[in-house]
Amino acid sequence: MNLSDLAPEYIRGISPYQPGKPICELAREMGMDERVIIKLASNENPLGTSPFALEAMSKALNEVALYPDGSGYELKVALSQRYGVSGDQIVLGNGSNDVLELAARVFLKPGASAVYSQHAFAVYPLVTQAVGATGIAVKAKNYGHDLDAMLDAVMPETRIVFIANPNNPTGTLLPAADVLQFLERVSPDVLVVLDEAYNEYLPNAIKADSLSWLKRFPNLLITRTFSKAYGMAGIRVGFGMAHPDVSGLMNRVRQPFNVNSVGLAGAVAALEDVEFVKRSYALNQAGMLQITTGLRQLGIEYIPSYGNFLSFRGRGDVKAINESLLRQGIIVRPIGMYEMPEHLRVTVGLETENEKFLKSLEIALEMGSKTAPGARAARVASGITTGESA
Ligand SMILES: *Cc1c(COP(=O)(O)O)cnc(C)c1O
């Protein structure tokens, strides 16, 4: 018998997470110069990293011979002040991914189950399966979470419900009142993980006051990250906020030094950089308008998004469109693994990047309609026209 046959079946059954294609990989494959490649595949911040964070991180590099502060004291103090929670309510993670995994390891086990939505963030099924628990995927409603159906799906052995708000890759947002009502109705024996990775990209007027819910609901875990609006995806810092009983358990399971010292220093500084987050937000708003306007002009259907990305329906052969984009040096994200084989997800970039993406998409579509004459006819028949001559 092979050793790997002896790994638990639920481990062997995991299909690996497919990350966005790295720039260096495309450059290698296509013999392209890395500098001409535009990656709009992983919801990274096109402005780069908060300059405050960069400075703090380069200073912190001088200290990497030492172990990090395993308690993350300074960052917890900064987060406490910012979010009005106490230090013992916070769990720091190697990205918020780590926090999601800690929640699964604390509350799930073989025989337990977790509920999440179809088309929701891929990490939820992954962390569920990794601990041998059962994932219950609930059919989406208009690509978003169907909270009523998710509530119905909760079984006596369900211990976690994952809610991504906004969701990735669909960009859908649940109204705050709906999430609140869900919390009021769901059994207090179920941990509700509210994943707010894109919170900083929401207009203030529609942001849920989710932190205030922590006082009412000891079964709520809110997760946030420095990967997106703060531009620190590569250094891996995220955090969760919950009732101290919940965070206490998660902190016991956590690796003692799960967040590195450079990331800790960067995150503390990044929190101060209100200006950078403001600029990131404004750039995203403008870029989202630019991309949606462009897609409409191309007659491309898309799902309105509240994140820094958007999923659009490729016309005809999505694989061919993606390959054409790659050949033109544009990396977007196929989302077949999210049960959306007809969509591609694009991250909002700089104005010039968005423009290049739209141009390249137009070329990809042209080529598609040339190689498959049926495609354009189908488009015309369905009432979608692009205004271009045949
Ligand atoms: C990007 C993302 C995260 C954050 O991942 P990190 O591990 O913090 O980099 C979490 N949830 C969703 C829905 C995301 O899209």
Side-chain angles (χ1 to χ4, degrees), residues 17-20 22 39-46 49-50 53 72 75 79 90-105 114 116-128 130 137 140 143-145 160-174 179 192-202 208 210 221-241 250 254-255 258-260 262-264 266-267 270-271 277 280 284 303 305-311 332-333 335 337-338 340 343 345-348:
Y17 181 81
Q18 293 163 6
K39 184 184 176 205
L40 301 173
S42 300
N43 303 347
E44 293 144 337
N45 191 327
T49 306
S50 145
L75 179 54
L79 290 170
I90 301 171
V91 187
L92 302 179
N94 187 33
S96 56
N97 203 316
D98 189 22
V99 180
L100 299 171
E101 189 174 347
L102 288 171
R105 281 169 57 202
Y116 41 77
S117 175
Q118 180 193 20
H119 312 312
F121 190 40
V123 166
Y124 312 148
L126 212 54
V127 299
T128 301
Y143 293 107
H145 294 39
I160 298 185
V161 175
F162 290 100
I163 298 176
N165 211 35
N167 182 45
N168 169 23
T170 59
T172 48
L173 182 78
L174 291 161
V179 181
V192 177
V193 179
L194 184 58
D195 179 347
E196 298 186 325
Y198 299 97
N199 183 263
E200 292 82 2
Y201 285 112
L202 291 174
S210 50
L221 169 70
I222 296 174
T223 62
R224 302 266 178 100
T225 183
F226 286 91
S227 296
K228 305 285 156 64
Y230 291 102
M232 293 170 56
I235 206 85
R236 314 299 305 130
V237 188
F239 57 101
M241 294 169 286
M250 291 170 68
R254 182 176 68 79
Q255 282 182 43
N258 65 331
V259 185
N260 69 80
V262 176
L264 286 171
L271 267 185
V277 175
S280 303
N284 188 58
I303 307 168
S305 170
Y306 291 89
N308 65 340
F309 57 88
L310 159 159
S311 291
V332 297
R333 188 72 154 267
I335 48 176
M337 66 177 296
Y338 287 94
M340 295 171 70
H343 285 79
R345 191 193 68 194
V346 62
T347 302
V348 175

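Every number for a ligand or one of its atoms is a count from 1 in the order of the listing.
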- prompt: Below 4.5 Å, heavy atoms only, C-beta onward: do His343 and Ile303 meet side chain to side chain?
  reply: yes

- prompt: Which atoms from ligand 1 have a heavy atom of Ala197 less than 4.0 Å away?
  reply: 2 (C), 3 (C), 10 (C), 11 (N), 12 (C), 14 (C)

statement: When distances are taken from atom 8 (O) of ligand 1, the protein heavy atom at minimum range is Thr225 OG1, 2.5 Å

task: Answer yes or no: is there a side-chain heavy-atom contact under 4.5 Å between Asn165 and Leu173?
output: yes

query: Is there side-chain contact between Phe309 and Asn168, with at least one heavy-atom pair below 4.5 Å?
result: yes

- request: Give the numbers and elements of all ligand 1 atoms closer than 4.0 Å to a heavy atom of Ser96.
  value: 3 (C), 4 (C), 5 (O), 6 (P), 7 (O), 8 (O), 10 (C)

- prompt: Non-hydrogen atoms of Gly238 versus ligand 1: any pair closer than 4.0 Å?
  reply: no

query: atom 15 (O) of ligand 1: which protein heavy atom is closest, and how many Å away?
result: Tyr198 OH, 2.6 Å

message: Checking the N or O distance criterion of under 3.5 Å, is ligand 1 in contact with Asn168?
response: yes

- request: Hey, can you tell me if Phe121 and Tyr17 have their rings parallel, tilted or perpendicular (30° and 60° cut-offs)?
  value: perpendicular

query: When you measure from the side chain of Ser311 to the backbone N and O of Pro169, does any donor-acceptor pair fall under 3.5 Å?
result: yes

query: So is Asn94 polar-close to ligand 1, meaning N/O to N/O under 3.5 Å?
result: no

message: List ligand 1 atoms under 4.0 Å from Arg236, heavy atoms only on the residue side.
response: 6 (P), 7 (O), 9 (O)

Backbone or side-chain N or O of Asp98 under 3.5 Å from ligand 1 N or O: no

task: Mark the output for Phe226 as yes if a heavy-atom distance to ligand 1 is under 4.0 Å, and as no if none is.
output: no

- prompt: Counting distance only, does the side-chain N/O of Ser305 pair as donor-acceptor with the main-chain N or O of Gly307 below 3.5 Å?
  reply: yes

- request: List the closest protein heavy-atom neighbour of atom 1 (C) of ligand 1: residue, atom name, distance to the nearest 0.1 Å.
  value: Lys228 NZ, 1.2 Å

- prompt: Is Asp195 in polar range of ligand 1, meaning some N or O pair under 3.5 Å apart?
  reply: yes

Residue pair Met250 / Val99, side-chain heavy-atom distance below 4.5 Å: yes

query: If we only count heavy atoms from C-beta on, is the Leu92 to Leu264 side-chain gap below 4.5 Å?
result: yes

message: Please report the interatomic distance NZ(Lys228) to CG(Asn45), rounded to the nearest 0.5 Å.
response: 11.0 Å

- line: re atom 9 (O) of ligand 1, the protein heavy-atom contact at minimum distance is Ser227 OG, 2.6 Å

